[in-house]
Amino acid sequence: MGIAPEDDDPFEDQRRRAENPMRRLFAEYGRENAAQFAVGLFASVFARGLDLLPPLLLGIAIDAIFFDSKPFLAFAPDWAIPATQTGQFWFTVTLIGVAFFGGAAFHYGRNWGWNSFAQNVQHSVRTDAYDQMQRLNMDFFADKQTGEMMSILSNDVNRLERFLNDGMNSLFRLGAMVIGIAAIMLVLNWQLALIALIPIPLIVLFTYRFVKIIQPKYAEVRSSVGQVNSRLENNLGGIHVIKSTNTEDYESDRVDDVSLDYFDANWDAIGTRIKFFPALRVISGVGFVLTFLVGGLWVLTGTGPGPLRGTLKAGAFVTFVLYTQRFIWPMAQFGQIINMYQRARASSERIFGLMDQPNRLAENDAATDLGVSEGRVEYEDVTFGYDAEQGGDEDPTVEDVSFTVEGGETIALVGPTGAGKSTVLKLLLRMYDVDEGAIRVDGQDLRGVTLRSLRRQIGYVGQDTFLFYGTVKENIAYGTFDAEEEAIVEAARAAEAHEFISNLPDGYDTMVGERGVKLSGGQRQRIAIARAILQDPEILVLDEATSDVDTETEMLIQRSIDRLTENRTTFAIAHRLSTIKDANTIVVLEDGRVVERGTHAELLGAEGLYANLWAVQAGEIDELPEEFVERATQRGARTDASAEGEGEIEVEAGADDD
C-alpha cells in the first residue's frame with residue numbers, strides 16, 4: 001500500500017504571492033542595519049581603490065624611472081617628488097607598500113561590515129518568519145509538512161545570508177574595481193580602453209539570458225529540498241513504526257525517490273550553470289587577448305594599428321595588461337553574483353510567502369484581556385466546519401452545540417470516534433473561530449478577548465504529551481518560566497511525579513531527550529499534569545489524559561488529576577468512561593451534535609448512546625442493539641474529510657477525533 005506522494009511544491013501559492021522579494025528584503029531589513037551596510041560599502045570602494053594603485057605606480061615607474069620617457073608623477077607637486085631617480089624608486093616602493101597595508105585595513109572593514117549586515121538580517125528574517133508561522137491557524141500546519149517549514153527557516157534563510165555576505169561583498173568590491181579600472185584605462189589611453197571594453201555588451205546580454213533560464217530552475221531546486229527534508233523528518237519521527245513493520249526497504253525506496261527528484265532538479269540547474277561560466281570566461285578572455293595583441297603591436301611598431309592614433313609607452317602597456325587581467329575576470333565573476341542572487345531570490349519568495357500567509361484567526365484590534373471570576377463557560381448554538389475555514393461547503397464538524405458549565409464544575413464530552421469532541425475543545429482554546437454561534441467565558445465572547453489572555457487562563461493535558469528537549473525542571477516550568485524551584489517541586493508532588501523524578505540520574509536536572517523519549521508514557525503524562533498544576537489555570541482541558549497507560553499508572557494519574565480539577569472548571573474527553581462517570585455533567589456527541597446530556601446515572605437510565613458505550617466497555621457486546629452496531633460499522637468505514645483537523649489539540653490538525 002502506498003502513501004500519497006508529496007505535492008510538487010506545498011508553498012507554491014505562498015511563493016507566487018511574494019512580490020519583489022529582494023527589494024522588500026532590503027527595504028524591511030536593510031534599513032535596520034544601514035550602518036553595517038555603509039561600512040561594508042565604504043570599505044569595499046576604498047579597499048579596491050588602494051588595490052588599483054600598485055599597477056598604476058608600476059607603469060609610471062617603468063616609463064619615468066627606467067626608460068626616462070615621461071615625468072614621474074606629473075600630477076603631484078614638485079616639493080613632494082624626490083629629485084633623483086633612486087629617490088623616486090624608493091618613493092614608489094613606499095607608496096606601493098602603503099597601498100597594500102591600507103588596502104588590508106579596508107578589506108578587514110569590508111568583511112566586518114558585510115558579515116555583520118548579513119548575520120543581523122539573517123537573524124531578523126529567521127525569527128520574524130518563525131514568529132509569523134507559529135501564529136498561523138492549525139489548518140495551515142495540517143497542509144504542510146514539518147520538513148518543508150524547516151527547509152524555509154533553515155536552508156532558505158541561510159541562502160539569503162550567503163548572498164548578503166558573499167554576494168553583496170563581491171558585487172560592490174568588483175563594481176568598484178571595474179569602474180576604477182575603466183576610468184584609469186580611459187585616462188591612460190581611451191582608444192585601447194575601448195578595445196578592452198568590447199566584451200562588456202556581450203557579457204550583459206549573455207547574463208540576461210542566463211537569468212531568464214536559471215530562475216525557474218532554482219525555484220524547483222528549493223521546492224525539492226523541502227520535499228527531501230519532509231521525507232527524512234517523517235521517517236526519523238516514525239522510525240519505531242518502520243522497524244516494527246519491517247519496512248526499511250520500502251522507506252529507503254521512498255527516500256531514494258525524493259532524493260532523485262532533488263538530484264534531477266539540481267543537476268538541471270547545474271547543467272545550465274556549468275555551461276554559462278566557461279562561456280563567460282571565453283568572452284572575457286577575448287577582451288584580454290585583443291588588448292594584449294593591439295597594445296603589443298602598438299608598442300613594437302611605435303604607431304597605432306589601423307585607425308588608432310598616437311603613441312603607447314611600455315609602462316602604460318604593462319599597466320593596461322595588468323588592469324585588463326584584473327578587469328576581465330571580475331566581469332566573469334559577475335555571473336557568480338547573478339547566480340547567487342537568483343538562488344537568494346528563490347529562497348526569499350518562499351520566506352516572504354510564508355510571512356504573508358494570511359491568518360484566518362484575526363484578533364480584534366479592540367480585544368480586551370479575559371478576566372475570569374467564576375469560570376462559567378457557555379456554548380451557544382456553536383457550528384463549525386474545517387472545510388468552511390478553507391471556503392468549502394462540506395457538512396460542519398460540529399453543529400448547533402449548546403451547553404453551559406458552571407464555575408468549578410466538571411463536564412465530560414463522550415461519543416464515538418469522529419463525533420467532534422476534540423473540535424469542541426479546540427474552539428474553546430480558539431484554535432479556530434466558530435462559524436456560527438458563540439462561546440463565552442463569564443459572559444465574555446472569546447472573539448472579543450486577546451488570545452494570549454484566553455490561553456493563559458486555560459490549562460491543557462492531552463493524550464500524546466509533548467516534552468521539549470531539555471530537563472525535567474524546564475518542562476514542568478514551561479509556560480511559567482519565572483517559577484521558583486520550590487513551586488516546581490510542589491507541583492510535581494501534586495502530580496504524583498516527585499518520587500520517580502527523584503530517582504532519575506540527575507533528578508529534576510535530568511535531560512528527557514527529544515520529545516521526552518527517555519521517559520515512559522505515564523511519566524511524561526505526570527510531568528504534563530505538573531506543568532498544568534504550576535500554571536494554575538482557571539479552566540482545565542483534559543483530552544484523553546489517562547489513555548494508553550497501564551492500570552497502575554492510570555490510578556496515579558487519576559489521583560493527580562483529582563487534585564488538579566478541584567474547584568476548577570474542567571472539560572474532559574475520555575474513551576474510558578469509568579474515568580469521567582463522576583463528572584457533574586456528561587455531554588454525548590454523535591456526528592457533531594449533542595444527542596444526550598446528564599449525569600452518569602441519568603444517562604444509563606436513558607438507555608441511549610451513552611448506555612451502549614458503557615455496555616461496550618463492560619464487555620456486554622451481545623446485548624447491544626443491532627442499530628448501534630450498524631451505526632458503529634458505518635462510522636468505522638467513514639473516510640471522508642469530516643475528520644480533518646481532529647484529534648490531539650497540541651499535536652496537529654489532520655488526525656482522527658477521539
Side-chain angles (χ1 to χ4, degrees), residues 374-385 395-429 434-443 445-446 458 460 538-547 561-562 565-618 620 624-625 627-628 631-632 635 642 646 649 657-658:
E374 299 178 5
R376 185 176 190 270
V377 180
E378 178 185 5
Y379 280 68
E380 180 182 357
D381 299 327
V382 169
T383 296
F384 170 80
D395 292 336
T397 306
V398 294
E399 188 172 3
D400 295 330
V401 171
S402 297
F403 59 81
T404 299
V405 189
E406 298 298 336
E409 290 188 349
T410 295
I411 184 170
L413 304 178
V414 302
T417 297
K421 304 181 296 297
S422 288
T423 298
V424 169
L425 296 187
K426 287 181 181 180
L427 296 175
L428 175 62
L429 284 161
V434 300
D435 297 330
E436 299 176 17
I439 303 176
R440 300 182 183 89
V441 174
D442 285 341
D445 193 314
L446 298 189
I458 300 177
Y460 173 78
E538 297 293 337
I539 300 170
L540 182 64
V541 172
L542 304 173
D543 192 358
E544 288 289 344
T546 60
S547 65
I561 287 177
D562 290 341
T565 59
E566 189 175 355
N567 299 322
R568 208 183 304 266
T569 305
T570 303
F571 289 76
I573 292 177
H575 277 155
R576 296 184 185 179
L577 301 184
S578 59
T579 62
I580 51 88
K581 63 185 180 65
D582 294 327
N584 299 99
T585 304
I586 299 174
V587 173
V588 184
L589 294 170
E590 183 178 26
D591 295 333
R593 290 178 174 271
V594 176
V595 294
E596 294 178 308
R597 74 182 72 201
T599 63
H600 173 71
E602 291 170 347
L603 293 173
L604 287 182
E607 299 183 351
L609 177 58
Y610 180 85
N612 291 330
L613 294 173
W614 181 268
V616 170
Q617 296 194 7
E620 301 171 358
L624 293 171
E627 180 184 358
F628 172 80
R631 290 180 65 82
R635 281 192 294 266
S642 63
E646 297 294 306
I649 290 177
D657 192 312
D658 288 330

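Just so it is clear, the structure is predicted and the values come from calculations on it, not from any experiment.
- In this structure the side chain of L589 never reaches within 4.5 angstrom of the side chain of V414, judged on heavy atoms.
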Could you go through V377 and I539, starting from their C-alpha distance and side-chain angles, then the distance that decides it, and tell me whether this counts as side chain to side chain contact (heavy atoms under 4.5 Å, CB included)?
CA-CA 9 Å; V377 180; I539 300 170; 3.9 Å; yes
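- Going from atom CZ of R593 over to atom CD of E399 covers 3.5 Å, rounded to the nearest 0.5 Å.
- Within the model, atoms CD1 of I580 and CG of N584 stand 11.5 Å from one another, a figure rounded to the nearest 0.5 Å.
- For the pair P416/D591, no side-chain contact is recorded, criterion being any heavy-atom separation below 4.5 Å from C-beta on.
- Scanning for side chain to side chain contact (heavy atoms under 4.5 Å, CB included) contacts around E406 gives R376, T404, E409, with sequence neighbours left out.
- Among pairs with a residue in residues 585-606, those fulfilling ring-ring contact (aromatic ring centres under 6.0 Å, His included) read H600-Y610, H600-W614, at least two apart in sequence or across chains.
- By the 4.5 Å heavy-atom criterion applied to side chains, I411 and T570 are not counted as neighbours.
- Nearest heavy-atom pair across E596 and G608 is OE2-CA, 3.2 Å.
- In this structure, D543 CG and I573 CD1 are separated by 4.0 Å, a value rounded to the nearest 0.5 Å.
- The CD1 atom of I439 sits 6.0 Å away from atom CG of L428, with the distance rounded to the nearest 0.5 Å.
- Between L542 and Y460, every side-chain heavy-atom pair lies at or beyond the 4.5 Å cut-off.
- Atom OG1 of T569 is separated from atom CG of L540 by 9.5 Å, given to the nearest 0.5 angstrom.
- For D435 and T383, the side-chain atoms include no donor-acceptor pair closer than 3.5 Å.
- Residues T585 and V405 are not in side-chain contact: their nearest non-hydrogen atoms beyond the backbone lie 4.5 Å or more apart.
- Between I586 and T599, every side-chain heavy-atom pair lies at or beyond the 4.5 Å cut-off.
- The closest side-chain heavy-atom distance from I458 to V541 is below 4.5 Å.
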Apply side chain to side chain contact (heavy atoms under 4.5 Å, CB included) to the pair L427 and V398, showing each step before the final yes or no.
CA-CA 10 Å; L427 296 175; V398 294; 4.1 Å; yes
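- Within the structure, ring-ring contact (aromatic ring centres under 6.0 Å, His included) pairs that include any residue of residues 397-422 comprise Y379-F403 (at least two apart or interchain).
- Atom CD of E538 sits about 7.5 Å away from atom CZ of R568, to the nearest 0.5 Å.
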